[in-house]
Amino acid sequence: MGDQGEIRVRFPPSPTGYLHIGGARTAIYNWLYAQKTGGKLILRIEDTDAERSTQESIQGIVDGLRWLGITWEEGPYFQTAYAEEHREAAQRLLKSGHAYKCFCTQEELEHKREEAKRRKEDFHYDGTCRNLSSEEIAKLEAEGRPYVIRFKVPRGPGGVVFEDAVYGVIEKKYRDLEDFVIVRSNGLPLYILSNAVDDIRDRISHVIRGQDHLANTPKQVLIYEALGERLPQFAHMPLTLDPQKRKISKRAHGEVVAVQYYRQRGFLPWALVNFLVLLGWSTSDNREFFSRSELIDAFSLAGINRANSVFDIRKDDPKFFTDPKALSINAHYIRTMPLEELLPYVEAELKAAGLWDPAFAGDKRPWFASTVDLIRSRYHTTNDFADLGRAYFADDFPIDEKVLVKNILKHESLKDWLPLMAERLQSIGEFTAETVEQSIRGLAEELDIKAGILINGARAAVTGQAAGPGLFDVLAAVGKERVVQRLRAVPELFA
RNA sequence: GGUCCCAUCGUCUAGUGGUCUAGGAUAUCGGCCUCUCACGCCGAAGACACGGGUUCGAGUCCCGUUGGGACUGCCA
């Protein structure tokens, strides 16, 4: 498509807030396509909305992309740097007769719009200024009347036709298109123009973007044609909706749609990418998990779906703070990824929670690794390591009230048995899951009680929780000293 | 309102006229495993929006209806 057949795609966010799920997904598709084809991804910041664009937002978007592992070959470029080029393109369109100056005021247009609405007709600019003579134009300009520049849409039968890689042939009749504004009365070009001009300058070969741009694409096709440029390949991707089928947005949904939120809540970046890519794209073998290279290998525009998909966020669901599938994919990676790769994430979590001991990266490294490995299969986010896993890394951990009652207080004798267990364990030479099990089962037999009572009581006392890995492994992981200490303190729980 | 797009289990999806009494994943429920929870394994329940065509045959093609979405701005 490009002049040299070079594949060039772009991700052009407008920096008016954080990077959200939808934007990230668009970036991912573009990135994958570039990776897949050996092409280049260009990051272009569309900051022409001076009112809303912020430096902070630009940084947030860049950080978000980096965190996700999305790399780009060029940019960030800034749209505002090319304003002159956009104006120049408009002048060319004016000279070539593809555009004209329109002196209608906003008030006049508003009035006509209202009137059309009242008559239940749809309003299209009526072309009042379309055929002004050069004398009339000169006169109005001499009067200092402000004007916008409108694109002169061909009249008569026929229409714009282009082929979208996802949606197929799209046709829009000329009569359904009005002479749209391309330059404001203050001289600033509009998105519809700037965006096309930038894509031309950046030699974009494939425009992969949200389906929300599909309806405006015919206008851009017209601009390309009027400028004498070759069309890029368009590929519109389905939108991501909320459970009420509303387009997700920063304003309406807040943090659950922010990439940053997933980072904070303990998502692995690749798990998020894996989840997001599946929203609107799939392989014919319906695979769910992809390594980076597998994904790049499997990705294709042909696999993009046409129907919008729902991001199943659940407001106020105590069990799932976001789409259950996203969580399950994250959990899958947490329990199956190479342990070495998971460790840095856990380290970051522990540091953030103030639980990190430098020795975990030194002397205690083997212990740290095996402990993480022991508990990871039941965690869904990396936050869980510092939260649910606190008892393994700290001595101050909460004991769940219900668990305390059910597994300890209910059996009054545990007030004596658990300290007794502490003494038995204290005397063990080599403190391993096997020796610990032997000791505890032996104790249960001596006391003539079910081992489960001792086991569940010990788990509650040592971890504060009713659920967890096999107790003997837990005790071995927590270590003799701390286990003995926690078991000895059990009587205090009865106070 | 107009234009465009879309329509398979709750959700993500496979499915390109016959092998679909519709497959997978997730979520839900049950079972196995077991000291608990998770993992894992086994099983259950759960969908082709509706109506017409075309065809020997339709989830798959066509039309309509319904429903949903996007666009429709001197925002991007």
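Below, chains carry the letters A, B, ... as their sequence lines are ordered, and counting in each starts from 1. Note that the structure is predicted; figures quoted are calculated from it, not measured.
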For the [atom1] atoms, the ones on [N] and on [M], what distance do you get once it is rounded to whole angstrom?
N	M	atom1	result
U54(B)	G59(B)	P	16 Å
G23(B)	C48(B)	C1'	13 Å
A22(B)	A44(B)	P	13 Å
A25(B)	U19(B)	C1'	23 Å
U60(B)	G2(B)	C1'	31 Å
C62(B)	U55(B)	C1'	12 Å
C50(B)	A7(B)	P	15 Å
A14(B)	U26(B)	C1'	15 Å

Check: Tyr29(A) ring centroid to Phe299(A) ring centroid under 6.0 Å: yes

Would you compute the distance between atom CZ of Phe385(A) and atom CG of Leu343(A) and round it to the nearest 0.5 angstrom? 9.0 Å

Once you round to the nearest 0.5 Å, how far does CD1 of Ile440(A) lie from CH2 of Trp417(A)?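 It is 14.0 Å, given to the nearest 0.5 Å.
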
Within 45 degrees of the axis of the six-membered ring of Phe267(A) and under 6.0 Å from its centre: does Arg265(A) put its NZ or CZ there?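 Arg265(A) over Phe267(A) ring: no.
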
Looking at [X], does any N or O in its side chain come under 4.0 Å of the phosphate oxygens OP1/OP2 on [N]?
X	N	value
Arg246(A)	G69(B)	yes
Ser328(A)	U26(B)	no
Lys247(A)	G68(B)	no
Arg251(A)	C75(B)	no

Let's see if you can work this out: which of [options] has an atom nearest to the side-chain heavy atoms of [X]?
X	options	result
Phe472(A)	C71(B), A76(B), C35(B)	C35(B)
Val181(A)	C37(B), G40(B), C74(B)	C74(B)
Leu471(A)	C35(B), U3(B), G15(B)	C35(B)
Leu190(A)	C75(B), G68(B), A70(B)	C75(B)
Arg459(A)	C35(B), A70(B), C75(B)	C35(B)
Ala467(A)	A76(B), C4(B), U36(B)	U36(B)
Ser185(A)	A76(B), C6(B), C74(B)	C74(B)
Val148(A)	A70(B), U13(B), C74(B)	C74(B)
Ala307(A)	C74(B), C6(B), C35(B)	C6(B)
Glu288(A)	G69(B), G15(B), G24(B)	G24(B)

For Ala466(A) and Val166(A), find the nucleotide of RNA chain B closest to each by heavy atoms; which residue's nucleotide sits nearer the 5' end?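 Taking each residue's closest nucleotide, the earlier one in sequence belongs to Val166(A).
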
Quick one: on RNA chain B, does Asp176(A) or Tyr147(A) contact a more 5' nucleotide (nearest heavy atom)? Asp176(A)

Answer with yes or no whether [X] presents, from its side chain, a donor or acceptor under 3.5 Å of a partner atom in the base of [N].
X	N	answer
Ser309(A)	C12(B)	no
Ser377(A)	A38(B)	yes
Arg335(A)	C39(B)	no

Could you check which nucleotide pairs with [N] in any of the strands shown, counting Watson-Crick or G-U wobble with both distances under 3.5 Å?
N	value
C50(B)	G64(B)
G40(B)	C32(B)
A22(B)	none
C4(B)	G69(B)

Which whole-number value in Å describes the distance from [X] [atom1] to [N] [atom2]?
X	N	atom1	atom2	answer
Leu239(A)	C4(B)	CG	C1'	13 Å
Lys219(A)	G73(B)	NZ	P	7 Å
Asn305(A)	A25(B)	CG	P	19 Å
Arg184(A)	C74(B)	CZ	C1'	6 Å
Asn286(A)	U13(B)	CG	P	10 Å
Ile248(A)	G69(B)	CD1	C1'	14 Å
Arg113(A)	G73(B)	CZ	C1'	7 Å

Go through the steps for Leu454(A) and Leu414(A) under the test side chain to side chain contact (heavy atoms under 4.5 Å, CB included), then give the verdict. CA-CA 8 Å; Leu454(A) 250 29; Leu414(A) 282 174; 3.9 Å; yes

Other residues, nucleotides, ligands: >12 heavy atoms within 6.0 Å of Glu294(A) CD: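 More than 12 heavy atoms, drawn from other residues, nucleotides or ligands, come within 6.0 Å of this atom.
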
Residues in ring pair (Phe, Tyr, Trp, His ring centres under 6.0 Å) contact with His332(A), at least two apart in sequence or another chain: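 With neighbours one apart ignored, the set is Phe289(A).
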
Should Ser439(A) and Leu425(A) count as side-chain neighbours, where that means a heavy-atom distance under 4.5 Å? yes

Decide yes or no for Val207(A) and His236(A): does some side-chain heavy atom of the first lie under 4.5 Å from some side-chain heavy atom of the second? no

Ordered by number, residues from residues 318-327 of chain A within less than 4.0 Å of RNA chain B (heavy atoms) are Lys319(A), Phe320(A), Pro324(A), Lys325(A)

Do you know which two heavy atoms are closest between Ser53(A) and Thr16(A), and how far apart they sit? N-CG2, 4.3 Å

Residue pairs passing the side-chain hydrogen bond (donor to acceptor under 3.5 Å, both in side chains) test where at least one lies in residues 457-473 of chain A, sequence neighbours excluded: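 Counting only pairs at least two positions apart or across chains, the side-chain hydrogen bond (donor to acceptor under 3.5 Å, both in side chains) contacts touching residues 457-473 of chain A are Asn456(A)-Arg459(A).
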
